[in-house]
Amino acid sequence: MPSPVPAHPPLRVAVLGCGVVGTEVVRLLTTQASDLASRVGAPLELVGIAVRDVETERDAVVDRALLTADAESLVERADVVVEVMGGIEPARSLLLRAVAGGASVVTANKALLAQDGPTLYAAADEAGVDVYFEAAVAGAIPIVRPVRESLAGDRVTRVLGIVNGTTNYVLDKMASEGLDLDQAVKEAQALGYAEADPTADVEGYDAAAKAAILASLAFHTRVSIEDVSREGITSLTADDVLWAQRTGYVLKLLAIAERGTADGVEGVQVRVHPALVPVSHPLATVRGAYNAVFIEAEAAGELMFYGRGAGGEPTASAVLGDVVSVARHRVLGGKGPIESRYADLPVLPATSARTRFQVRLEVADRPGVLAQVSTVLASHDVSIEAVRQTPVTELPDADYARLVITTHAAPEHALRSTVEAIAGLDVVRRVVSVLRVEGA
Ligand SMILES: NC(=O)c1ccc[n+]([C@@H]2O[C@H](COP(=O)([O-])OP(=O)(O)OC[C@H]3O[C@@H](n4cnc5c(N)ncnc54)[C@H](O)[C@@H]3O)[C@@H](O)[C@H]2O)c1
Ligand SMILES: N[C@@H](CCO)C(=O)O
Ligand code: NA
């Protein structure tokens with residue numbers, strides 16, 4: 001026998017946006033209504049769905065009578081506002097209006113939070129309502145709550161994540177099926193993983209937004225998207241993917257936030273860029289649109305959170321979890337955590353990061369070349385970990401060889417000047433690529 005639904009008055013829920021995620025949120029709110037009511041202690045009554053155009057064709061689960069183009073008045077009739085429309089405006093104004101009117105909010109909008117989250121957090125704190133955003137980072141994976149609550153007693157030192165499903169899907173398809181970047185992006189769009197403008201995915205903006213949110217939570221410091229050094233995957237070639245495989249790595253777009261020092265100052269360093277991950281590292285096994293976040297904390301040690309990072313249904317799971325939490329607070333009292341920024345660490349320049357690198361070169365195939373290249377590395381204090389030289393067998397007349405050099409950790413600025421000096425050597429025909437190695 002299902003337990004009887006307690007006699008608390010219904011909580012009014014408004015959903016803003018009815019696209020990939022919104023449709024699934026509406027579906028779960030509708031089909032799981034009875035279980036959700038039991039878990040919350042009150043029925044969740046869907047009072048409206050804000051859309052751009054009420055005439056647009058919709059999934060059958062969406063009750064057309066609930067559609068409205070008037071999002072402003074909808075938020076004023078709700079106890080809980082779910083924002084899944086994306087973009088900065090009008091999402092920001094609508095959420096501020098919602099909290100000012102006493103509603104708690106749940107949002108999947110990492111772009112907004114990474115750009116101007118603190119304005120919303122402050123307004124919600126002032127109004128005594130909740131802001132929950134589990135879906136904003138790594139879709140269905142519980143990561144916001146673990147970092148902001150479960151790890152609140154520990155000292156996080158590093159967060160390393162695959163937090164963009166589209167780019168992971170694209171890189172995986174390039175490696176496993178030889179698709180080119182554009183073909184793979186189209187597939188990711190069709191599957192509902194990509195942002196409205198997939199440039200946000202492939203140029204790393206989406207991952208940078210998530211990196212900023214994770215860094216803020218993990219290090220109790222305000223980090224905005226402008227603080228994140230960012231590089232996307234658009235300059236990666238099929239050849240880069242192939243050479244990664246040949247040398248024992250997998251190419252991934254990583255979001256990295258870590259404690260560090262620059263000129264004796266302790267702070268945090270936050271960056272997004274493609275990186276070679278050794279095949280033996282847990283992050284190398286993350287395929288398709290899956291995401292994973294690897295956390296190092298002083299007492300907990302290493303933790304990895306893994307699951308579906310994109311797609312309507314998985315993202316809606318995270319949204320609904322938040323809806324239940326904020327709704328429970330309405331029924332039972334209590335409130336979720338507020339913004340924690342007491343540590344106020346400086347955000348260090350990207351050039352202060354120390355990483356390993358893999359440099360691929362085309363060099364003259366004659367004696368003494370390797371010695372010249374390694375002399376340049378040594379004179380810049382960059383230490384070599386491995387070198388691999390391969391003749392160019394597919395071009396019988398080629399008078400050059402391929403050289404792949406993997407370095408030990410070196411500061412980014414040292415590596416840049418080293419590569420410049422190597423490129424200037426007569427025996428070097430071309431610097432083909434310079435990629436960071438992470439997770440080793
Ligand atoms: N798709 C995913 O896998 C995923 C995962 C995690 C988070 N998110 C986030 O969830 C949000 C929604 O993503 P999506 O993939 O569902 O996008 P989408 O483009 O499929 O849906 C957004 C919907 O909101 C509507 N909308 C936009 N502006 C509006 C306005 N001013 N008034 C009324 N309706 C408006 C659009 O018409 C569209 O139907 C974004 O913030 C996105 O970053 C998406
Ligand atoms: N476009 C995003 C959606 C999930 O935030 C991705 O590909 O990961
Ligand atoms: Na999540």
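Excluded from the calculations below are hydrogen atoms, water molecules and symmetry mates; all remaining heavy atoms, backbone and side chain alike, are included. In this text, all values refer to a predicted model and were calculated from it rather than measured experimentally. Every number for a ligand or one of its atoms is a count from 1 in the order of the listing.
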Under the side chain to side chain contact (heavy atoms under 4.5 Å, CB included) test against Val26, which residue among Leu28, Thr30, Thr23 passes? Thr30
State whether the shortest distance between N or O atoms of Glu195 and N or O atoms of ligand 1 falls below 3.5 angstrom. yes
Go through ligand 2 atom by atom and flag the ones less than 4.0 Å from a non-hydrogen atom of Tyr193. 1 (N), 2 (C), 3 (C), 6 (C), 7 (O)
N or O pair under 3.5 Å between Val20 and ligand 1: yes
Return yes when at least one N/O/S atom of Gly139 is nearer than 3.0 Å to the Na ion (ligand 3), and no when none is. yes
Strictly under 3.0 Å, is any N, O or S atom of Ala140 next to the Na ion (ligand 3)? no
Logged contact type for Val51 with ligand 1, heavy-atom cut-off 4.0 Å, is backbone
Short check: is a protein heavy atom less than 4.0 Å from atom 17 (O) of ligand 1? no
To the nearest 0.1 Å, how far is atom 8 (O) of ligand 2 from its closest protein heavy atom, and which atom is that? Gly165 N, 2.6 Å
Please state whether Gly311 comes within less than 4.0 angstrom of ligand 1, counting heavy atoms only. yes
For Gln358 and Thr247, which I'm curious about, is there any donor-acceptor pair between the side chains at under 3.5 Å? yes
Residue pair His413 / Thr351, side-chain donor-acceptor N/O under 3.5 Å: no
Is Ile141 close enough to the Na ion (ligand 3) that one of its N, O or S atoms comes in under 3.0 Å? yes
Should Glu83 be counted as touching ligand 1, given the test is an N or O pair under 3.5 Å? no
Could you tell me the residue and atom name of the protein heavy atom closest to atom 44 (C) of ligand 1, and the distance to it rounded to 0.1 Å? Val21 CG2, 3.6 Å
Could you list the atoms of ligand 2 found under 4.0 angstrom from a heavy atom of Asn164? 2 (C), 6 (C), 7 (O), 8 (O)
What part of Cys18 sits under 4.0 Å from ligand 1 if we count only heavy atoms: the side chain, the backbone, both or neither? backbone
May I ask whether Gly192 places a heavy atom under 4.0 Å from ligand 1? yes
Looking only at heavy atoms, is any part of Ala108 under 4.0 Å from ligand 1, and if so is it the side chain, the backbone, or both, or is it neither? both
Within reach of ligand 1, part of Ala69 (heavy-atom separation under 4.0 Å): neither
Could you tell me the residue and atom name of the protein heavy atom closest to atom 4 (C) of ligand 2, and the distance to it rounded to 0.1 Å? Gly309 O, 3.3 Å
I'd like to know if Glu420 and Arg416 make a salt bridge, using a cut-off of under 4.0 Å between side-chain N and carboxylate O. no
If the cut-off is 4.0 Å to any non-hydrogen atom of Ala194, which atoms of ligand 2 fall inside it? 1 (N)
Any donor-acceptor N or O pair under 3.5 Å, side chains Asp35, Ser38: no
Cation-aromatic face contact Arg230/Tyr205, 6.0 Å, 45 degrees: yes
